[in-house]
Number of protein chains: 2
Amino acid sequence: MTKIKNMEEFAAVSGISRPTVSKYFHDPDSVRATTRARIEEALERFDYRPNIFAVNQNRKLTKNIGIVVPYLADPFFVEIARYLEQSCIAAGYRPSLFSSHGEQKLENEILDSLRSLKPAGVLLAPLGRASDRSQIEKFCENVPTILFDSNLEGLGAAFVGSDNFSFVSQTVEYMTRTGEPPSFFEMRTPANPNANKRRKAYIEVMERHGFEPHVIKIDGEGWAFEEIGRQGAARVLERQELKTNSVLCSNDRLAIGFLSACYEQGIRVGRTADCALRVASNDGHPFARFTCPSLTTAAHDYDNVAGRSVETLFELIESGGKFSNRAETLFPARLVLRESA
Amino acid sequence: MTKIKNMEEFAAVSGISRPTVSKYFHDPDSVRATTRARIEEALERFDYRPNIFAVNQNRKLTKNIGIVVPYLADPFFVEIARYLEQSCIAAGYRPSLFSSHGEQKLENEILDSLRSLKPAGVLLAPLGRASDRSQIEKFCENVPTILFDSNLEGLGAAFVGSDNFSFVSQTVEYMTRTGEPPSFFEMRTPANPNANKRRKAYIEVMERHGFEPHVIKIDGEGWAFEEIGRQGAARVLERQELKTNSVLCSNDRLAIGFLSACYEQGIRVGRTADCALRVASNDGHPFARFTCPSLTTAAHDYDNVAGRSVETLFELIESGGKFSNRAETLFPARLVLRESA
DNA sequence: ATAAAAACTTTACGCGCGTTAAGTTTTGAT
DNA sequence: ATCAAAACTTAACGCGCGTAAAGTTTTTAT
């Protein structure tokens, strides 16, 4: 069996002309059934596939899709990325995964190298506060981009994410209904715009129920949320800054740190009578099941956020890269009751 | 300012001929200093960069490097991947990150799509037991590949990983020195060859110290180690199958599940007198700091494993893709003492 | 059966760059 | 100043494929 070097040779052994073979690889349904059969039969005898570099050089639009997440060490983004990758592959695209690892410089570099990939579209979960807004703006002008998870107002052709109000209202209402109203535990300078929306939602829901909001802001920079949460919680607990026996953490990774601090100080967390504190949180982190105690949390609707993101991107690509108006789709959270609250 | 379309135009505005410009982009030091200066000056005035598809089509060897990990939801691999990515970029290569997500089908697909990327080299952490050995073998014949983390005997040009004996001997010796000898807690059918080496090391070290080894094998398939560990531990604890008050988990993710089960059953874990059980583990998982109690573990030497892997790959690339013999480099573990043991 | 439409074939050019060959200029050592 | 080596320039071909144009065959509709 001779090695097939290029489409010319493959066309020869399949008995079909090269332009038709080229058409087939672009879209198998664009050729006659009998032709398709002959090509596919040849495809089984010889393992040929078009040189993607040559293909991408000559097509105006590649089949590449960029997936950018801010922090891959967060299993939440890994989950989302996995779903996005597979949806892209299923639709015949070639996804490439990138993580900004929490750094603006890296995010910019990724956008830069993404540009040269001439992608059909990009799914971008930006860093948020640390993002270089002007760079992302420029990027979105040239490349069809859907923002997800973290919304940068006005940027990208559309945004798909979670409804932060839904997260917080569910957790706050659950906690107040079954116990004392919670304090809100967050970073002083959150990395992510979702955090601000969650704080606002907390205040609004608390006031609506006639409770006085109590926001605890802890110091810390960067994306090492667990450690920041642990140290912040340690201080808060030592100084007894909690007004009630109930805490709502802005996100699960802070909560993981919080629970760690509680354990270290011998403070028993849970909803049972023998516990001194209840802790709930937001995100539905994959590890929330394994904290001690297991973490009550309002979970992202992973499947819908990821699914809608790719759907929207495909629509965008088919629309030629532009939408007439920028839609924002928000999915509500699903409250997951566990032992911590 | 006119837009530069291709190298021809860029050569024109820089006043240098296209072949020389091409040479510059291949290696800036290969042209005369004055020439380099003129090109770089033009580079500042116009933002041009070579079309990577055209470049890759024509170069025998691309500057692409594939990084494949078995399970990205494990932050351990994210850490390694981050280091590998940055080393590749620093060396002028373009890394692409892939995760097999624990599935053989995906691992094979990744190798397949990697082939068409014509990479200069690949850093592959295989699934292990779930890997399709023959597929990986074929792949390694055609693409310069360094295996890391998980060794498949004889495959790849070299292997870089951790010395499992060092992990287990340190943890076992520490535990026996400061308390009772541990039972070994692992999956009956581990996903990874490292697990087997750890078991063997456990048995050897125990026997060397005159203790009877006690291996506890729990059921469970797949890569959801935390949940497998939790359920397995729950059974073990209920049936009181432990011979001593001391457990060594094969890896940190199992240990996270183990600690979770202990907490659920009200079993206090730690090295202090008021604790019923000591639990240690292996890997140095980024979350091990935040378990309750914090997890004593033998940590991978991340930096060295990652650093040596890329170094070896670069050597391999420079050697033309073949080594005369297949070296296996193992780095010892670093024992991290925390509260759990 | 017949004509129009659809799908195909052949031919040929272009994409952007790597690379080579032959000739020219610059460099640096003597 | 002299000359060989080094670095450059011009010219040209090739990579593998997209794609367009013109002509031919097959399909579909009437």
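Within every chain, numbering begins at 1; the chains are lettered A, B, ... in the order of the sequence lines, protein sequences first and strands thereafter. These numbers come from a predicted model, not from an experiment.
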- B:D29 CG - D:dA7 P separation (whole Å): 12 Å

- Query: Considering only side-chain heavy atoms of B:V55, which listed nucleotide, D:dC17, C:dG18, C:dT10, is closest?
  - Reply: C:dG18

- Item | Distance, rounded to the nearest Å, where B:F53 contributes CZ and D:dG18 contributes C1' | 14 Å

- Select from B:N58 and B:V31 the residue whose nearest nucleotide in DNA chain D is closer to the 5' end of that strand. B:V31

- Whole Å only: how far is the CZ atom of B:R38 from the P atom of D:dC8? 10 Å

- Item | side chain to side chain contact (heavy atoms under 4.5 Å, CB included), paired with A:D149, selected from A:I80, A:N194, A:L124 | A:N194

- Spacing of B:K118 atom NZ relative to D:dC17 atom P, expressed in whole Å: 9 Å

- Message: Mind checking if B:Y48 touches a base, just sugar-phosphate, or nothing, with heavy atoms under 4.0 Å?
- Response: sugar-phosphate

- Task: Rounded off to whole Å, could you give me the CD-to-C1' distance for the B:E9 and C:dC15 pair?
- Result: 13 Å

- Whichever of B:S17 and A:T34 has the more 5' nearest nucleotide on DNA chain D, that residue is B:S17

- Query: Between A:K23 and A:Q57, who's closer to the 5' end of DNA chain C by nearest nucleotide?
  - Reply: A:K23

- Tell me which nucleotide among C:dC17, D:dC8, C:dC8 gets nearest to the side chain of B:R18. C:dC17

- Closest of D:dG18, D:dG16, C:dT11 to the A:R59 side chain is D:dG18

- Message: Any base atoms under 4.0 Å from B:T35, or only sugar-phosphate, or nothing? Heavy atoms, all strands.
- Response: sugar-phosphate

- Query: Between B:E141 and B:K138, is there a side-chain N and carboxylate O pair less than 4.0 Å apart?
  - Reply: no

- Message: What is the distance, to the nearest angstrom, from the NZ atom on B:K63 to the P atom on C:dC17?
- Response: 17 Å

- May I ask you to verify if any side-chain N or O of B:S22 is less than 4.0 angstrom from the OP1 or OP2 atom of C:dG18? yes

- Closest to side chain of A:N6, choosing from C:dG16, D:dA20, D:dC17: D:dC17

- Task: Describe, in one word, how the ring planes of B:Y48 and B:F25 are oriented to each other, choosing from parallel (under 30°), tilted (30 to 60°) and perpendicular (over 60°).
- Result: perpendicular

- Query: Over how many whole Å does the gap from A:I4 atom CD1 to D:dG16 atom C1' extend?
  - Reply: 14 Å

- Task: For the pair B:R308 and B:E311, find out whether any cationic side-chain nitrogen is under 4.0 Å from an anionic carboxylate oxygen.
- Result: yes

- Message: How many whole angstroms separate atom NZ of A:K5 from atom C1' of D:dC15?
- Response: 9 Å

- Message: Strictly below 4.0 Å: does A:T20 bring a side-chain N or O up to OP1 or OP2 of C:dA7?
- Response: no

- Query: Does any donor atom in the side chain of A:R94 or B:S116 lie under 3.5 Å from an acceptor atom in the other side chain?
  - Reply: yes

